[in-house]
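Model, not experiment: these values are computed from the prediction. Just so we're on the same page: letters track the sequence lines, and every chain starts at 1.
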There are 2 protein chains.
Amino acid sequence: MAETGTKTPRERYRTQVRAEIKERAWEQIATAGATALSLNAIAKRMGMSGPALYRYFASRDELITELIRDAYRSLADTFRAASGSGADAAALARALRGWALDDPQRYFLVYGTPVPGYHAPDDVTAIASGIMATLLDACAALPADGAATPFAAHLEGHRQWADGHPAPSPALHRALTFWTRLHGVLSLELAGHFAGMGFDPALLFAAELEALLGDLGAGSADGG
Amino acid sequence: MAETGTKTPRERYRTQVRAEIKERAWEQIATAGATALSLNAIAKRMGMSGPALYRYFASRDELITELIRDAYRSLADTFRAASGSGADAAALARALRGWALDDPQRYFLVYGTPVPGYHAPDDVTAIASGIMATLLDACAALPADGAATPFAAHLEGHRQWADGHPAPSPALHRALTFWTRLHGVLSLELAGHFAGMGFDPALLFAAELEALLGDLGAGSADGG
DNA sequence: GTCATTGCGTTACAACTTCTAACGAACACG
DNA sequence: CGTGTTCGTTAGAAGTTGTAACGCAATGAC
């Protein structure tokens, strides 16, 4: 049951039905959020009765976990594609924003409010490591400015998350700030906290990116 | 039935029961998240039957909205207290982190994944404006460095969210970056995305705060 | 103090959810 | 052409939110 490619017509059918279930699930999530995902509603939309779906996913949580897995994979693919033509941090940032705006609920599935008891399976954290590796590549390729920060020194002693990546610790620090700052703008934007404030979130995102790239030698990150 | 203070014993009892419901709700949210909040479970814990709670909250959504309101008020109070002894951005940042770590799910209730259809009531957005005003006070009190950023120029034309606050536009930009950067670190930390990476999130938060305060004249925000 | 009104908590119920169990039918394979 | 695995079904348990109708108790007026 393992080393055959896509073989038996039953498995073919099975993967197809699983794919359609996930498709409908994404539709539901996009319009009503992950908490409102209903297996019964998906089944009815597919012309089946509720319990039929349990042949394909053991539980609602397993379906959501699978969707989270796909979301991580999608982000990793997007990152890989964006960094294909050379490790470019700016391209990575733009790709991240595009990916986030393309399906905000997918972004929240990865970076949103976690369920307190939930632990991501190992393969998901492995994908996350790959995403981080791509980001580290781009950050290590940036021109390094002079002095290391105190936090970079701390990272020198806590770099196991880099998973053997040879980036110097200032690049590690830069990668983390890249992550947290872009996520800070994106998550607030997608959550609607900028709605009605009037300014253009894209410009704030661009300003943060500029600060991340530009304050290497130049000046202030947040202006003034 | 309005302008009396806390008068009739019935209203006294009513507000007390409402308070206890919210108390139990916070307990549930802290341990299982907002989506797992169950009115029936709260009722049973209080020794009442399920539908009794509908005398006090019209629906589960109304209860959650009330909790969101309380969370906003709590953050506003924390900010006011932290800025009471002079508008100090660093004190505000520390207060924010303490407030977030004190009850992560409360933080997520304010800044976490939103329900797609949800619109916050007006008084909540008013409280949010107050929080922003406190932050603007602190940012306007910071020493201003030289040139304005392009985004600050954009903000000059889109400052209605400042609600008449006299802060110059670079301070507006600084307030926004304050918000987004600290939220970026905090939300990823509280969501557990730093778990297992080894470094100390408090140091990353401190580094971001340092960058926000220190790159006025000095150097790089993210080192390297 | 008596009495009417108001509000509270109850049970019963509808409609929904996830998920299990048992059954029948269709399909793939030897 | 059997045989067996798998799929989809219906029935049902246990949970949820929320409504409706009822009884009781406490409140406030007289």
Would you mind telling me which of D/dG28, D/dG8, D/dT17 lies closest to the side-chain atoms of B/T8? D/dG28
Which whole-number value in Å describes the distance from B/M48 CE to C/dT11 C1'? 14 Å
When rounded to whole Å, the OH to C1' distance for the pair B/Y13 and D/dA25 reads 11 Å
With sugar-phosphate meaning primed atoms plus P, OP1 and OP2, does A/S38 contact a base, only sugar-phosphate, or nothing at under 4.0 Å between heavy atoms? sugar-phosphate
Can you label the angle between the A/W179 ring and the B/H193 ring as parallel, tilted or perpendicular, going by 30° and 60°? perpendicular
Does A/L63 reach a base, just sugar-phosphate, or nothing at all? Heavy atoms under 4.0 Å. nothing
Please report the distance, rounded to the nearest Å, between OH in A/Y54 and P in D/dT10. 16 Å
Regarding A/Y118 and A/T65, is there a side-chain donor-to-acceptor distance under 3.5 Å anywhere? yes
What's B/L53 touching, base or sugar-phosphate or nothing? Going by heavy atoms closer than 4.0 Å. nothing
Report the distance from atom CZ of B/R55 to atom C1' of D/dG23, rounded to the nearest whole Å. 12 Å
Tell me: CG of A/D61 to P of C/dT18, nearest whole Å? 11 Å
State, without any angle test, whether B/H165 and B/D137 hold a side-chain donor-acceptor pair at a distance under 3.5 Å. yes
Between B/P51 and B/P9, which residue's closest nucleotide on DNA chain D lies nearer the 5′ terminus? B/P51
Check this one for me: any side-chain N or O of A/S49 less than 4.0 Å away from OP1 or OP2 of D/dT10? yes
Atom CD1 of A/I68 and atom CD1 of A/I127: how far apart are they, to the nearest 0.5 Å? 11.5 Å
Check the phosphate of D/dT17 against B/N40, side-chain N and O only, distance under 4.0 Å to OP1 or OP2. Yes or no? yes
Rounded off to whole Å, could you give me the CD-to-P distance for the B/E62 and D/dG18 pair? 10 Å
Between C1' on C/dC27 and CD on A/Q16, what's the gap in Å once rounded to a whole number? 16 Å
Starting at CD of A/E27, measure out to CD of A/Q105 and round the result to the nearest 0.5 Å. 14.5 Å
For a quick check under 3.5 Å, do A/Y111 and B/T113 share a side-chain donor-acceptor pair by atom type? no
Sorted by number, residues from residues 23-35 of chain A placing a heavy atom under 4.0 Å from DNA chain D are none
Over all strands shown, is B/F57 touching base, sugar-phosphate only, or nothing at heavy-atom distances under 4.0 angstrom? nothing
Scan A/R10 against the nucleic acid and name what it touches under 4.0 Å (heavy atoms): base, sugar-phosphate only, or nothing. base
So, B/Q28 side chain and B/S38 main chain: donor-acceptor pair closer than 3.5 Å or not? yes
Whole-Å gap separating P (C/dT6) and CZ (B/R14): 15 Å
